[in-house]
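Take a look at the structure set out below.
Just the heavy atoms: all of them, side chains too, but no hydrogens, waters or symmetry mates, feed the values below. Just so it is clear, the model here is predicted, and its values are computed rather than measured. Numbered from 1 within each chain, the chains take letters A, B, ... in sequence-line order.
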Number of protein chains: 2
Amino acid sequence: MGDKLGPDVKGSAEILVLALVEDRARHGYEIGKLIEERSGGVLKFHIASLYPMLYRLEKRALITGRWVEKAGQRRKRYYRITAEGRRVLASHRTRWEEFILALTRVAGIRHA
Amino acid sequence: MGDKLGPDVKGSAEILVLALVEDRARHGYEIGKLIEERSGGVLKFHIASLYPMLYRLEKRALITGRWVEKAGQRRKRYYRITAEGRRVLASHRTRWEEFILALTRVAGIRHA
DNA sequence: CTCCCATATGTGGCATTGATACATATATGG
DNA sequence: CCATATATGTATCAATGCCACATATGGGAG
């Protein structure tokens, strides 16, 4: 798949994954594709890094996965967000908004 | 000094430092203080992490440092931005703007 | 006078994050 | 038949920044 996440930003993957499983269950490969598509190619998450991230999120009970097998398709693991995941996602959004505002002020970034 | 940088964001320190030495020479401790002050306490960079970052930036010739000794004061190392540093800072700003926009779209962050 | 705090710089160890290389498996199209 | 897209997974590695610790000085509180 793609190249890199952001401007060498580490720490955005979690909010991205949580946001993408917020409304419906999705599997790993799909999440990776969506991050790239919806960001217009700006955010590219290495698919191989995505799976360990999903296991961590599941271990922390922010998402839950379940295997789905269909004839003529490779098995897929679909993840849904949990109640705790929603709380963490909400707090992530607040923190990111504050962070972006602060970075804008201190580093002189203009946002459209 | 403070607690943490952002929402567990790694990769923002470089643009912060470069932006703060953009207009005038500053020393490490001052930079750390300014990041915290100007961000209203949102961005707190561990001062101990700042010095290695400054050495890296100097090694990459994005900033240049010089020792200043005054009677009755501990020696300070003042850093200025280089021409190459300005180029990198400008590109960082562009990349961050794109990144923030993309994150806003994909992760559903609203920015004021 | 002594102790603590703010200032100021520095080192070493550590955890987390995500890149990268590699491996496996299946369906589809050329 | 082979390449490509889909789909998941493991192991190794580098970078980033947290944290503990160390050093040094000046000023203010007790």
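Atom CZ in A:Phe45 sits roughly 6 Å away from atom P in C:dA19 (whole-Å rounding).
Open room surrounds CZ on A:Arg80; 12 or fewer heavy atoms of other groups in view lie less than 6.0 Å from it.
Sorted by first and then second residue, the pairs that involve residues 84-93 of chain A and meet salt bridge (Lys or Arg N to Asp or Glu O under 4.0 Å), not counting sequence neighbours, are A:Glu22-A:Arg93, A:Glu84-A:Arg87.
Between A:Tyr51 and D:dT8, a side-chain N or O to OP1/OP2 separation shorter than 4.0 Å is present. Between A:His46 and the phosphate of C:dG18, there is no side-chain N or O to OP1/OP2 separation shorter than 4.0 Å.
The side-chain heavy atoms of A:Glu36 and A:Lys44, taken from C-beta on, include a pair separated by under 4.5 Å. Side-chain atoms of A:Met53 and A:Tyr51, non-hydrogen and from C-beta on, never get closer than 4.5 Å to each other.
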Could you write out each protein N or O paired with an N or O of nucleotides 3-6 of chain D at a distance under 3.5 Å?
residue: D:dT6; atom: OP2; partner: A:Tyr29; partner atom: OH; Å: 3.0
residue: D:dT6; atom: OP2; partner: A:Lys33; partner atom: NZ; Å: 3.4

For nucleotides 2-5 of chain C, which of its nitrogen or oxygen atoms have a protein nitrogen or oxygen under 3.5 Å away, and what is each distance?
none

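In this structure, A:Ala48 has no side-chain contact (heavy atoms from CB on, under 4.5 Å) partners at least two apart in sequence or on a different chain. Judged as a side-chain hydrogen bond (donor to acceptor under 3.5 Å, both in side chains), and not counting sequence neighbours, the contacts of B:Arg60 are B:Glu14. Residues forming a side-chain contact (heavy atoms from CB on, under 4.5 Å) with A:Ser91 (at least two apart in sequence, or on another chain): A:Arg95.
Ranking D:dA15, D:dT10, D:dG9 by closeness to the A:Lys10 side chain, first place goes to D:dA15. Of the listed nucleotides (C:dT9, C:dG18, D:dC19), C:dG18 has the atom at the smallest distance from the side chain of A:Ser49.
For A:Arg56 and A:Gln73, each mapped to the nucleotide of DNA chain C holding its nearest heavy atom, the one lying further toward the 5' end belongs to A:Arg56.
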B:Ile15/B:Trp96 under side chain to side chain contact (heavy atoms under 4.5 Å, CB included): CA gap, chis, key distance, verdict: CA-CA 9 Å; B:Ile15 189 176; B:Trp96 268 99; 3.6 Å; yes

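Residue contacts for B:Tyr55: at a heavy-atom cut-off of 4.0 Å it reaches the sugar-phosphate backbone alone, with no base atom in range.
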